[in-house]
There are 2 protein chains.
Amino acid sequence: MLNQQTPTLPRDCGACPIRHRAVCAQCEAEELEQLDRIKYYRNFEAGQTIVWSGDQMDFVGSVVTGIATLTQTMEDGRTQMVGLLLPSDFVGRPGRSVAAYDVVATSDMVMCCFRKKPFEQLLSVTPAVAQRLLQMTLDELDAAREWMLVLGRKTAREKIASLLSIIGRRNATLNLGAPAGKMVFDLPLTREAMADYLGLTLETVSRQISALRRDGVIVLEGKRRVTVPDFDRLLDEAGDDSDGGLPV
Amino acid sequence: MLNQQTPTLPRDCGACPIRHRAVCAQCEAEELEQLDRIKYYRNFEAGQTIVWSGDQMDFVGSVVTGIATLTQTMEDGRTQMVGLLLPSDFVGRPGRSVAAYDVVATSDMVMCCFRKKPFEQLLSVTPAVAQRLLQMTLDELDAAREWMLVLGRKTAREKIASLLSIIGRRNATLNLGAPAGKMVFDLPLTREAMADYLGLTLETVSRQISALRRDGVIVLEGKRRVTVPDFDRLLDEAGDDSDGGLPV
DNA sequence: GCCCATCCTTGACGCAGATCAAACTTCCGG
DNA sequence: CCGGAAGTTTGATCTGCGTCAAGGATGGGC
């Protein structure tokens with residue numbers, strides 16, 4: 001991950017890669033300016049913990065580039081990932097001063113942070129931001145509920161297939177259009193992180209990935225690069241309706 | 001469940017039992033009046049399905065009395081409960097016309113419904129409603145994430161203890177003050193519904209409840225009435241921090 | 001080049017919880 | 001009062017995944 005670039009921060013919202021998907025998506029010029037006034041960028045390195053559960057948290061923000069995870073840990077060390085944060089996803093909760101989860105950077109990251117107090121102030125007077133935040137929160141709630149089905153009722157193989165199809169689908173919508181036919185992407189997570197997401201052990205994750213490879217559902221190139229020859233086949237393995245995902 | 005009462009509907013918001021906890025909690029008189037104009041009450045019987053996943057849904061609303069469940073079902077019949085709706089909880093999603101989950105009345109229920117279109121209209125011009133809805137959605141998201149830890153990482157015994165402690169805590173905050181010491185409540189769910197919530201089979205639920213009873217963690221009176229002699233002990237069995245729940 | 005850390009894979013074995021099966025309790029309708 | 005349905009309990013057995021253990025790949029630092 002030796003990244004030479006001194007990340008040139010997009011000081012200008014107009015050029016921001018997440019301008020039209022983040023919490024600021026629906027803002028007009030003047031609202032954007034208000035946000036601009038309370039924003040600042042922060043970089044995080046892969047592996048770095050951004051916030052510890054229980055810590056004071058004086059900012060909220062958006063993932064600009066990179067990937068982070070939201071995890072809960074029990075006293076005896078068992079951990080469960082409860083969210084995967086991708087570019088444009090929102091971090092933190094207005095109205096709460098203490099973090100409820102650990103937030104960890106999985107890759108090098110750039111975050112666009114807002115000081116919490118002014119952001120909350122802005123929320124109460126700027127409907128565009130509040131409405132967008134509501135939309136995004138409802139989407140996250142749907143994702144969490146979809147994940148409850150995965151955790152509660154799916155087999156290990158179905159869990160892996162579900163994770164792959166979610167990552168694949170998101171990649172597809174980001175790059176091209178509809179997910180279909182062949183598809184290639186990189187796994188942004190280690191086997192252990194996948195296990196934490198899926199409520200499995202890393203050994204089981206490894207075994208099931210091997211099994212899916214043996215059965216031709218996926219093709220691996222190294223440990224991380226995945227090719228899905230037939231996306232419908234993968235959805236089938238995930239136990240999902242082949243029409244895929246939630247109705248909108 | 002032979003309920004004689006013809007439920008006298010609280011036409012008046014001022015006398016509504018959920019006035020200060022539902023989506024209307026932060027409304028002033030005039031906003032309340034706007035809501036009042038688009039609201040209507042509906043009754044449901046225990047066991048009745050309120051909405052089918054995939055159905056058109058032309059209303060949103062609040063649970064006034066009674067209990068409902070939100071469930072997802074896979075093609076082969078495996079089902080997972082993804083939400084438990086108690087009085088004041090919100091049903092439906094603004095901006096979506098098709099239901100994503102089955103909503104089933106677990107007891108006799110009264111719902112305060114709003115026609116969807118006018119409600120969405122109102123959302124965009126009434127910050128008090130939009131803000132309250134955001135708060136409630138964030139709370140639900142936290143609950144869903146707490147439940148992901150339960151589903152993904154807890155043992156059957158811990159799952160049962162977690163469910164009991166959640167129901168107990170909610171009962172306590174509804175009736176008295178802080179949950180502590182002795183506590184009595186009724187289980188609002190069948191063993192099967194508990195199994196669907198916990199990602200278990202109903203046999204395992206039954207066995208673990210018996211085990212908790214044998215070990216003195218709970219006392220049963222009939223199948224449904226539960227006494228918890230020592231709430232901290234129950235929290236301990238649930239694997240939760242004894243200070244209990246999310247920081248606020 | 002070699003070493004070491006991190007990540008991953010694979011095997012052997014055991015157990016928590018699923019599955020299959022049967023019987024009990026409660027309660028409502030006739 | 002009896003019969004049957006719905007819900008619950010308990011037992012016997014099976015199995016998917018966890019646990020423990022060993023070894024293989026990869027890549028960065030020296």
Side-chain angles (χ1 to χ4, degrees), chain A residues 1-4 45-48 74 76-80 104 106-108 150-161 163 186-214 218 220-226 237 239, chain B residues 1-4 45-48 74 76-80 104 106-107 150-163 186-214 218 220-226 237 239:
Chain A
M1 304 267 173
L2 184 75
N3 245 327
Q4 284 291 57
E45 286 173 25
Q48 199 178 346
M74 294 172 67
D76 62 8
R78 282 176 281 176
T79 78
Q80 175 66 51
V104 180
T106 284
S107 66
D108 289 349
V150 172
L151 288 173
R153 292 301 183 190
K154 291 195 179 181
T155 65
R157 170 183 265 243
E158 289 170 333
K159 285 179 174 181
I160 298 289
L163 180 60
D186 279 327
L187 287 174
L189 302 172
T190 65
R191 300 289 186 261
E192 188 178 19
M194 288 188 246
D196 283 345
Y197 206 163
L198 296 166
L200 297 171
T201 59
L202 68 90
E203 293 96 328
T204 298
V205 170
S206 183
R207 273 187 255 272
Q208 296 299 334
I209 289 183
S210 296
L212 288 175
R213 179 167 47 67
R214 252 197 313 281
I218 57 174
L220 288 181
E221 202 178 322
K223 315 279 182 185
R224 294 297 190 89
R225 173 143 292 237
V226 178
E237 290 286 353
Chain B
M1 304 267 172
L2 185 74
N3 245 328
Q4 284 292 56
E45 287 173 23
Q48 199 178 347
M74 293 172 66
D76 62 7
R78 282 177 281 175
T79 77
Q80 174 66 50
V104 180
T106 285
S107 66
V150 173
L151 289 172
R153 292 302 184 192
K154 291 196 177 180
T155 64
R157 171 183 263 244
E158 288 170 334
K159 285 179 174 181
I160 298 290
S162 297
L163 180 60
D186 279 328
L187 287 174
L189 302 173
T190 65
R191 300 288 184 260
E192 188 178 17
M194 289 189 246
D196 283 345
Y197 205 160
L198 297 166
L200 296 172
T201 59
L202 67 90
E203 293 96 328
T204 298
V205 170
S206 182
R207 272 187 253 273
Q208 295 298 336
I209 288 182
S210 297
L212 288 175
R213 179 166 47 67
R214 253 198 313 281
I218 58 174
L220 288 181
E221 201 178 324
K223 313 279 182 186
R224 294 299 190 88
R225 173 142 293 238
V226 178
E237 291 286 354

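Being a predicted model, the structure only gives us computed values, none of them experimental. Just so you know, these numbers use all the heavy atoms, side chains as well, and skip hydrogens, waters and symmetry mates. Below, chains carry the letters A, B, ... as their sequence lines are ordered, and counting in each starts from 1.
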Trainee: Between dT8(D) and Arg224(B), is there an OP1 or OP2 to side-chain N/O distance shorter than 4.0 Å?
Mentor: yes
Trainee: Can you figure out which of dT10(C), dT8(D), dC17(D) approaches the side chain of Thr204(A) most closely?
Mentor: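 Closest of the options to the side chain of Thr204(A): dC17(D).
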Trainee: Between Arg153(A) and Thr79(B), what is the shortest heavy-atom contact and its length?
Mentor: NE-O, 2.8 Å
Trainee: Is it the case that the side chain of Ser206(B) and the backbone of Leu202(B) share a donor-acceptor pair, with hydrogens and angles ignored and the cut-off at 3.5 Å?
Mentor: no
Trainee: When every nucleotide of nucleotides 20-26 of chain D is labelled 5' to 3' by its protein contacts under 4.0 Å (heavy atoms), B for base, S for sugar-phosphate only, - for none, what sequence of letters results?
Mentor: B------
Trainee: Report the residue from Ile209(A), Thr155(A), Thr204(A) that forms a side chain to side chain contact (heavy atoms under 4.5 Å, CB included) with Ile160(A).
Mentor: Ile209(A)
Trainee: Nearest whole Å is fine: how far is dT25(C) P from Glu221(B) CD?
Mentor: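 Whole-Å distance recorded here is 18 Å.
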Trainee: Nearest whole Å is fine: how far is dG17(C) C1' from Arg153(B) CZ?
Mentor: 16 Å
Trainee: When all nucleic acid strands are considered with a 4.0 Å heavy-atom cut-off, which category describes Ser210(A): base, sugar-phosphate, or nothing?
Mentor: sugar-phosphate
Trainee: Is Arg157(A) touching bases, backbone alone, or none of the nucleic acid, heavy atoms closer than 4.0 Å?
Mentor: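 No contact.
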Trainee: Please check if the side chain of Arg224(B) supplies one atom and the backbone of Leu187(B) the other of a donor-acceptor pair under 3.5 Å.
Mentor: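 Confirmed, Arg224(B) side chain pairs with Leu187(B) backbone.
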Trainee: For Glu45(B), is the CD atom crowded, meaning more than 12 foreign heavy atoms sit under 6.0 Å from it?
Mentor: no
Trainee: Identify the residue among Leu198(B), Val150(B), Leu151(B) that makes a side chain to side chain contact (heavy atoms under 4.5 Å, CB included) with Ser162(B).
Mentor: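 When side chain to side chain contact (heavy atoms under 4.5 Å, CB included) is applied between Ser162(B) and each of Leu198(B), Val150(B), Leu151(B), only Val150(B) qualifies.
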Trainee: I'd like to check the side-chain contact (heavy atoms from CB on, under 4.5 Å) partners of Arg207(B); sequence neighbours left out, ordered by chain and number.
Mentor: Glu203(B)
Trainee: Starting at atom CG of Leu220(B), determine the distance to atom P of dT9(D), rounded to an integer number of angstrom.
Mentor: 7 Å
Trainee: Given 3.5 Å as the limit, does a donor-acceptor pair link the side chain of Asp196(A) with the main chain of Gln80(A), or not?
Mentor: no
Trainee: Mind calculating the distance between CG (Leu212(A)) and C1' (dC8(C)) to the nearest angstrom?
Mentor: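 Leu212(A) atom CG is separated from dC8(C) atom C1' by 16 Å.
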Trainee: For Tyr197(A) and Leu189(A), which heavy atoms make the closest approach, and how far apart are they?
Mentor: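 That closest heavy-atom pairing would be CD1-CD1, 4.5 Å.
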Trainee: Rounded to whole Å, please give me the gap between CD1 in Ile160(A) and P in dG16(D).
Mentor: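 About 16 Å, once rounded to whole Å.
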Trainee: Please list residues of residues 186-202 of chain A whose heavy atoms come under 4.0 Å from any atom in DNA chain D, ordered by number; otherwise none.
Mentor: Gly199(A), Leu200(A), Thr201(A)
